Amino acid sequence: MTAAGPKVTPDLAVAHGLSREEYDRIIGLLGREPTYTELGLFSALWSEHCSYKSSRTLLKRLPSRGPHVLQGPGENAGVVDLGDGLALAMKIESHNHPSFIEPFQGAATGVGGILRDIFTMGARPLCLLDSLRFGPPDHPATGAGSGYLLGGVVAGIAHYGNCFGCPTVGGEVGFAPEYAKNPLVNVLCLGLIARGRIFRARAEGVGNTFIYVGAKTGRDGIHGATMASESFDETSSERRPTVQVGDPFTEKLLLEACLEAMATGAIVGIQDMGAAGLACSLSEMPARAGTGAEIELDRVPQRESAMTPYELLLSESQERMLLVVTRGREAEVQRVFAKWELDAVPIGRVTGDGVLRVRMHGELVAEVPVRALTDDAPAYDRPRARPAWLDAVRAFDPATVPEPADPTAVLLHLLAAPTIASKASIWRQYDHMVGINTLVVPGSDAAVLRLKGTGKAVAVATDGNGRYAYLDPFQGGAMAVAEAARNVVCAGGRPLAMTDCLNFGSPERPEIMWQFAEAVNGIAEACRVLEIPVVGGNVSFYNETLGQAILPTPIVGVVGLLADAERRTTQWFKEPGDLVILLGDPAGGLGGSEYLATLHGRLAGTPAPLDLARERAVQAACLAAIEAGCVRSAHDCAEGGLAVALAEGCVTGPRPLGAEVALDGAGRLDARLFGEAPSRIVVSVPPGERVRFERIVREWAVPVTALGRVGGDQLTIRVDGQVRIAASLAAMAAAFGGSFERLVGGATAPAATEGAA
Amino acid sequence: MRFGVVIFPGTWSDMDFHHVISEVLHQSVEYLWHRDTDLSRFDCLVLPGGFSYGDYLRAGAIAGRSPVVSALPDFVARGGLVLGSCNGFQILCEAELLPGTLLRNECLQFRCQTTHVVVEQTETPFTRGLRRGQVLKMPIAHGEGRYHAEPAILRALIDRNQVVFRYATETGEVTAAANPNGSAWNVAGVSNEDGTVVGLMPHPERASEASVGSTDGLLLFNSLLGSLVENGSALGR
Amino acid sequence: MKARIFVRLRPGVLDPQGATIRKALEGLGFPEVRDLRVGKVLELTLEETDRARAQTRLDEMCRRLLANPVIEDYSCEVEESGRQPSARPGEVPGP
Amino acid sequence: MKARIFVRLRPGVLDPQGATIRKALEGLGFPEVRDLRVGKVLELTLEETDRARAQTRLDEMCRRLLANPVIEDYSCEVEESGRQPSARPGEVPGP
Ligand SMILES: Nc1ncnc2c1ncn2[C@@H]1O[C@H](COP(=O)(O)OP(=O)(O)O)[C@@H](O)[C@H]1O
Ligand SMILES: [Mg+2]
């Protein structure tokens with residue numbers, strides 16, 4: 001074995017992000033000290049990002065089986081059956097750390113990575129959604145003025161998705177001070193596959209050939225995987241040279257070439273090279289198949305000169321894939337890649353002994369059992385402790401908050417709050433139509449995309465509320481599932497499956513680990529009751545800077561199926577005279593609400609309770625009514641409560657319409673108008689359908705409240721007979737549409753890194 | 001009618017045009033690769049949208065020098081028709097098959113939105129079935145769609161009736177507010193002198209089915225098919 | 001042989017990017033900037049030893065592909081051998 | 001006073017645009033081009049008469065806005081007065 005590079009010592013291992021115990025474990029597994037190259041392999045594969053060492057055991061609690069699941073967690077993406085011989089690949093991933101260091105390229109390469117996860121499965125990407133979190137727009141780091149983080153991230157997503165040609169059809173953007181130095185960039189991708197044509201990341205068949213395809217390898221992002229497994233401190237900027245630049249053009253060629261090569265039947269297995277690059281693919285693919293690999297690194301196409309084995313194995317250059325091709329059929333695959341002007345180079349063989357052997361210049365530079373890198377990676381049951389501060393923040397006395405004197409002004413204020421306001425100035429920068437499948441474009445509760453040739457469609461939404469999770473992580477996890485599913489239901493989709501991205505602080509802190517475990521338990525519980533299996537996801541830890549963690553933020557993406565695409569529903573009112581009806585309990589709570597945060601600057605209380613059985617009934621009732629064709633609009637009540645949901649019903653459609661609504665009952669005025677609670681959906685129903693609607697929803701035993709009627713040019717809300725809100729359509733539209741426009745609209749300062757002109 | 005849809009490295013509206021031509025219009029359609037130069041089996045070629053060659057250097061610049069584009073002048077001279085949308089329009093301008101060029105949007109951002117265009121010219125095969133002043137609703141999706149030509153050249157285009165579409169309001173008024181990218185004279189599409197090559201920034205293929213919001217894009221194809229029935233599909237070749 | 005090709009928007013062609021940058025600079029406390037325009041510079045190495053031939057070839061590349069005469073002007077510089085493009089007199093190297 | 005600012009990708013940072021243009025040039029019969037990289041050049045006029053002060057200000061602009069230090073290097077040139085940026089020796093002016 002050749003010891004290229006410095007001598008390996010325990011200190012060097014620690015500098016690689018491994019603990020001393022982990023280093024001893026490596027020596028135990030190898031029966032000797034690792035070479036420098038081998039240390040690089042272990043440090044990357046045993047990083048939190050690749051090994052899930054802090055979360056693996058807990059994630060097993062997530063239910064992943066269901067009648068439609070064709071592929072659960074463990075592959076590059078999950079796959080569900082859509083019928084008609086079609087299957088849907090789905091996966092969400094975070095690119096939080098790279099996006100903080102370089103927002104444009106960080107977000108762009110995040111899109112690139114999730115697209116590859118989808119097309120390695122053999123799927124053609126159908127759409128993207130992006131869930132983003134930033135500090136408040138007036139915070140210097142978010143810098144709406146400089147457009148720096150927010151503008152950079154949005155431009156990066158637009159650059160990559162638009163150039164590649166996959167529509168970005170939805171997502172969400174939220175703001176809170178806790179994200180100022182740790183923005184979140186989570187991207188979800190869906191892809192379509194013929195049911196029997198699913199590819200997997202397995203190196204099957206001793207003697208088969210590993211073929212490297214795509215972009216050449218440079219010194220990009222070496223240690224990206226360990227970077228994503230550390231918190232930020234003052235020296236983080238010194239590690240900046242690791243930033244990768246994405247090339248969506250090459251990715252597009254890679255997509256077409258991979259799908260065409262897959263059609264030859266010569267490809268046995270395929271995996272993208274993402275975090276930890278070649279090292280990851282060369283160990284995970286054989287590990288999944290119980291095989292080994294013999295690799296000649298000299299053959300790897302290289303962009304820079306004099307690269308070492310360590311660098312070649314750990315480089316995170318983008319737009320690359322590793323294929324396993326049936327021995328003797330290499331030329332068929334190479335021909336396809338030549339047509340697309342991409343490299344396709346055999347770099348080694350599948351072996352039967354379970355060992356990864358890497359040679360360079362004829363010398364052995366690494367010889368490691370693949371299981372040592374993968375299955376034998378440490379798994380920790382990290383200490384967990386309920387945070388001492390939790391009771392204090394949950395204790396909230398509403399009496400300390402004055403009731404609003406002018407509820408109309410509060411409504412307009414909330415409509416203009418960055419988390420609630422229209423994000424049109426973001427999504428008009430995204431091509432959300434390419435592929436001509438987008439039946440419901442961004443701006444409603446869920447996007448709807450048709451499945452050409454079937455009459456069916458899929459609905460998809462992402463959701464997550466860091467404030468709820470902060471105040472009650474179990475409920476925050478469960479609410480994320482409930483809300484994403486509710487949004488899909490509001491569009492007329494029957495939830496099929498979900499994927500989750502769990503964004504937390506450092507797992508080495510017991511209180512963060514407690515939040516994480518609670519959130520996973522909450523998600524698991526909601527999945528069981530709502531019968532939505534988890535088919536994959538992602539965990540992003542270490543979202544903290546100088547000990548200040550983000551709000552715990554589980555983001556959930558739910559996909560639903562519409563048996564009849566023509567039954568799709570949007571959130572806005574459509575016809576004057578239609579009845580406005582609330583499904584679910586009208587009561588809302590102030591705990592953790594947007595109202596409390598935006599108007600009173602407080603993050604406190606307990607979120608309104610989530611009764612999963614009730615949630616299930618409300619969703620079932622709404623869906624049944626939509627499928628029966630007696631609902632003209634359906635909108636979930638989320639941030640800002642009932643009043644904001646009604647206002648959005650008025651102003652978000654192509655034709656703004658007013659409404660007249662009356663509320664009766666008990667409770668504080670602000671809680672009734674702006675309080676938040678799960679399991680509430682505002683629908684509009686044509687008067688002639690009222691009887692049929694009531695008959696359908698009665699079967700599900702959910703509370704139904706007739707609120708009023710659509711019509712006029714203002715939203716009037718009477719509470720106990722007294723007009724409390726009277727807001728004109730123009731005022732609401734200006735508040736809702738104008739505020740964000742000013743932040744990101746128009747020509748922002750040109751980030752030097754914007755892509756090709 | 002035999003359509004060809006050209007694929008350059010980085011093209012992405014190819015499948016969308018293919019879908020509309022075969023599934024909505026039920027016409028014969030084939031893909032062509034950017035290296036193909038035998039165009040004799042086609043009546044009409046479509047240069048679709050996308051980011052050919054990543055839009056690197058200038059949008060459409062590299063594709064504008066590809067073999068298939070080099071074969072277009074001959075194809076056109078023999079009576080062939082060419083429609084370029086979005087990146088296809090940029091390519092045709094770069095190849096000097098259409099006058100002018102497309103620059104970065106004035107807002108410096110990509111824009112994906114619904115636009116309305118008013119029909120200025122009904123002498124092309126793609127607009128023959130339309131009325132002058134008719135308003136069409138078609139989306140745009142581009143970062144470099146600001147039409148530019150030297151003032152004298154633009155004047156000449158207007159005089160020779162080569163401006164085919166202009167951005168307008170829903171009711172057909174040509175206003176600055178209706179101009180999504182800062183195009184000179186609100187130009188959204190132009191033709192060559194004969195009207196046999198037409199380029200436009202909007203996406204007719206995304207406006208060809210009611211379920212996606214508009215069927216106005218189909219009118220371009222229907223005009224074309226009508227004109228071919230009239231002229232016969234051999235196009236005099 | 002090293003060479004640089006400059007491609008600039010022709011005078012009279014609107015440069016919104018340049019205008020936006022100028023405005024942003026003004027906002028950051030640089031009011032002294034006037035008429036900022038953004039161009040491209042292509043830095044390349046040519047397998048060519050003859051300066052005159054190199055210049056002819058560069059010119060040809062610009063005409064064939066690199067510049068669009070409708071909107072752009074170009075100019076080419078061949079570096080004197082041994083001299084780095086960035087080591088010009090009057091130039092402040094970045095950090 | 002006229003000035004030019006060059007902003008380039010740092011060495012080692014992938015330049016997909018440069019690589020694509022190089023390949024296109026090769027296809028058009030210019031195989032002699034190696035390592036093409038694309039940068040930006042900002043040409044501007046400064047209301048400033050002191051060269052040294054101009055250079056300091058330009059440097060500041062680059063650090064504050066014009067260059068992204070994560071992936072880019074920059075350099076600034078102040079033109080000697082009366083001299084045009086394009087009138088350098090060894091330069092072929094475009095048509
Ligand atoms: N929060 C989660 N919920 C469910 N599955 C998860 C979660 N996080 C990770 N997984 C699964 O663990 C596997 C490894 O994830 P990851 O390393 O992100 O994949 P990749 O390397 O393809 O990006 C995947 O199959 C993923 O779906
Ligand atoms: Mg993967």
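All values derive from a computational prediction rather than experimental measurement. Keep in mind that the numbers below use all heavy atoms, side chains included, and drop hydrogens, waters and symmetry copies. Throughout, a chain's letter reflects where its sequence line sits, starting with A, and its residues are numbered from 1.
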Practice item. Decide yes or no for L14(D) and Q244(A): does some side-chain heavy atom of the first lie under 4.5 Å from some side-chain heavy atom of the second? Key: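 Side-chain contact under 4.5 Å: no.
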Check your understanding: Any donor-acceptor pair under 3.5 Å linking the side chain of R219(A) with the backbone of V13(D)?
Key ->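 It does not hold such a pair.
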Review point. Any idea which heavy atoms bring G246(A) and P16(D) closest together, and the distance?
Key: O-CG, 4.1 Å
Review point. Which region of E341(A), side chain (C-beta onward) or backbone (N, CA, C, O), has a non-hydrogen atom less than 4.5 Å from a non-hydrogen atom of chain D, or is it both or neither?
Key: both
